[in-house]
Structures are given as C-alpha cells and as structure tokens.
Q: 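Right, I'll just put the structure down here and ask away after.
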Amino acid sequence: QVQLVESGGGLVQAGGSLRLSCAASGRTFSNYAMGWFRQAPGKEREFVAAIRRSGRTTNYADSVKGRFSISGDNTETTVFLQMNSLKAEDTAVYYCATGPKWISGYRASEYDYWGQGTQVTVSS
C-alpha cells in the first residue's frame, strides 16, 4: 500500500517562501512520477509541478515557472516543492501524488495515489 504524507504548509506573506515535503512509503519514486497539484476554493484541482525518475525531468505549470522548484532526496522516497516569491493566488490546498509511469506529469489521470493535502495561505 502506497502512502503519501505532505507537510510544510502554512501562512506566509506575499513575496515569502515555503517548502513542502511529501514522504512516500510503499513505492520509491525513482521508477515513477511524483507530482504536486493544488486546489483553491471554488476551483478545480490544477497541476503545479512534476518530477521523473532520478529527477532528470521536471515539468512546471506556467504560473509557477521561475518561482517554484521540485526536487527529490537521495533516498528517492521524499519529494520537495520549494515555493519562492509567493503570491496571493498561490493560496490553495497542495496535494502530492505518485504515478506508476512517467508520461508527462501534467495530468491528474497519470497518478494513482494521492496525499491528504496541506494548506498554503499567502496573505497580500
């Protein structure tokens, strides 16, 4: 059974930074895709960033390019999302997900396990 546990969310002022972590058990992500999605109140869940095996391929939503960075640790069981220059529109619940096969990382349908989510609130 694969389990994902996110942490690192919180309240931050606009322009500030946060680092989200996602600890995975039951599947080492070296062979799979890991992604971050977010959902703001009243909006659909949207793609944020994804990373492929060994971290050699990453993809980002246009809205976060240049501000967010996805990476994994050496054990390949934890993935991070470094979020800089945060804006009020980044406020959302952030979800970590893992998928059995890297396709593009963009689509929620590529992922089969999801974490419970962590709240990120950016005050303006």
Side-chain angles (χ1 to χ4, degrees):
Q1 180 72 20
V2 176
Q3 289 188 323
L4 302 172
V5 179
E6 301 104 331
S7 61
L11 173 65
V12 64
Q13 289 187 334
S17 299
L18 281 175
R19 189 191 196 204
L20 304 184
S21 299
C22 175
S25 62
R27 174 188 284 170
T28 56
F29 84 87
S30 61
N31 297 317
Y32 305 94
M34 294 289 289
W36 287 96
F37 288 73
R38 66 186 182 187
Q39 187 167 19
K43 295 186 177 181
E44 294 187 352
R45 189 171 299 188
E46 65 175 3
F47 168 75
V48 176
I51 188 167
R52 189 181 182 177
R53 174 180 183 169
S54 301
R56 293 179 180 177
T57 302
T58 56
N59 284 330
Y60 296 91
D62 288 342
S63 59
V64 306
K65 280 182 182 176
R67 301 188 297 123
F68 290 13
S69 178
I70 188 170
S71 62
D73 70 348
N74 291 335
T75 66
E76 297 186 329
T77 59
T78 302
V79 64
F80 306 100
L81 184 68
Q82 178 67 42
M83 306 185 294
N84 300 325
S85 302
L86 282 161
K87 305 175 182 179
E89 50 263 44
D90 294 318
T91 295
V93 177
Y94 283 70
Y95 297 89
C96 174
T98 181
K101 177 183 177 182
W102 175 268
I103 300 174
S104 68
Y106 289 112
R107 295 183 296 273
S109 60
E110 298 178 35
Y111 300 88
D112 55 354
Y113 289 96
W114 294 78
Q116 81 289 349
T118 184
Q119 177 70 47
V120 171
T121 303
V122 184
S123 62
S124 57

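Source: prediction; values computed, not measured.
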Q: Using side-chain heavy atoms (C-beta onward) and a distance below 4.5 Å, is M34 in contact with L4?
A: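 Contact flag for M34/L4 side chains = yes.
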Q: For S25, check side chain to side chain contact (heavy atoms under 4.5 Å, CB included) against everything at least two apart and list the hits.
A: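 Per chain and number, S25 pairs via side chain to side chain contact (heavy atoms under 4.5 Å, CB included) with Q3.
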Q: For Y32 and T98, which heavy atoms make the closest approach, and how far apart are they?
A: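 Nearest heavy atoms, Y32 then T98: CB-OG1, 4.1 Å.
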Q: If hydrophobic clusters are built from ILVMFWY residues whose side chains come within less than 4.5 Å, do L20 and V93 share one?
A: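 No; V93 is not reachable from L20 via cluster members.
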Q: Under a 4.5 Å cut-off applied to non-hydrogen side-chain atoms, are E110 and F47 in contact?
A: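 Heavy-atom side-chain distance check fails, nothing below 4.5 Å.
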Q: Check the pair V120 / R38 against side-chain contact (heavy atoms from CB on, under 4.5 Å), numbers first and verdict last.
A: CA-CA 9 Å; V120 171; R38 66 186 182 187; over 6 Å; no
Q: Determine whether S71 and Q82 satisfy the following criterion, side-chain hydrogen bond (donor to acceptor under 3.5 Å, both in side chains), listing intermediate values before the conclusion.
A: CA-CA 8 Å; S71 62; Q82 178 67 42; over 6 Å; no
Q: Keeping the roles fixed (side chain from N59, backbone from S104), state whether a donor-acceptor pair exists under 3.5 Å.
A: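 Confirmed, N59 side chain pairs with S104 backbone.
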Q: Closer than 3.5 angstrom, by distance alone: can the side chain of Y111 be matched with the main-chain N or O of G105 as a donor-acceptor pair?
A: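 Yes, the answer is positive, given that a donor and an acceptor are paired below the 3.5 Å cut-off.
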Q: For the pair T121 (side chain) and V12 (backbone), establish whether a donor and an acceptor sit closer than 3.5 Å, ignoring hydrogens and angles.
A: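 No.
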Q: Drop me the distance from T91's OG1 to L11's CG, to the nearest 0.5 angstrom.
A: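 Going from the OG1 atom of T91 to the CG atom of L11 covers 8.5 Å.
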Q: If you define the side chain from C-beta out and look only at heavy atoms, does anything of E6 sit under 4.5 Å from Y94?
A: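 Not in contact.
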Q: Counting only N and O atoms by type, is there a donor-acceptor contact under 3.5 Å from the side chain of T118 to the main-chain atoms of G9?
A: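 Yes; judged by distance alone, with no hydrogens or angles, the pair exists.
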Q: Can we call the ring centroids of W36 and F68 under 6.0 Å apart?
A: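 When the ring centroids of W36 and F68 are compared, they turn out to be at least 6.0 Å apart.
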Q: Where is the tightest heavy-atom contact between S124 and A14, given as atom of each residue plus distance?
A: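 Nearest heavy atoms, S124 then A14: CA-CB, 4.2 Å.
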Q: What I'd like to find out is whether the side chain of R67 reaches to under 4.5 Å of the side chain of D90, using heavy atoms alone.
A: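 Yes, close enough: below the 4.5 Å cut-off.
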Q: Output yes when D62 and K65 qualify as a salt bridge under the 4.0 Å nitrogen-oxygen rule, no when they do not.
A: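 The answer is yes: the pair qualifies as a salt bridge.
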Q: Is there a chain of hydrophobic side chains (I, L, V, M, F, W, Y, each step under 4.5 Å between heavy atoms) that links V79 to L18?
A: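 Shared cluster, yes.
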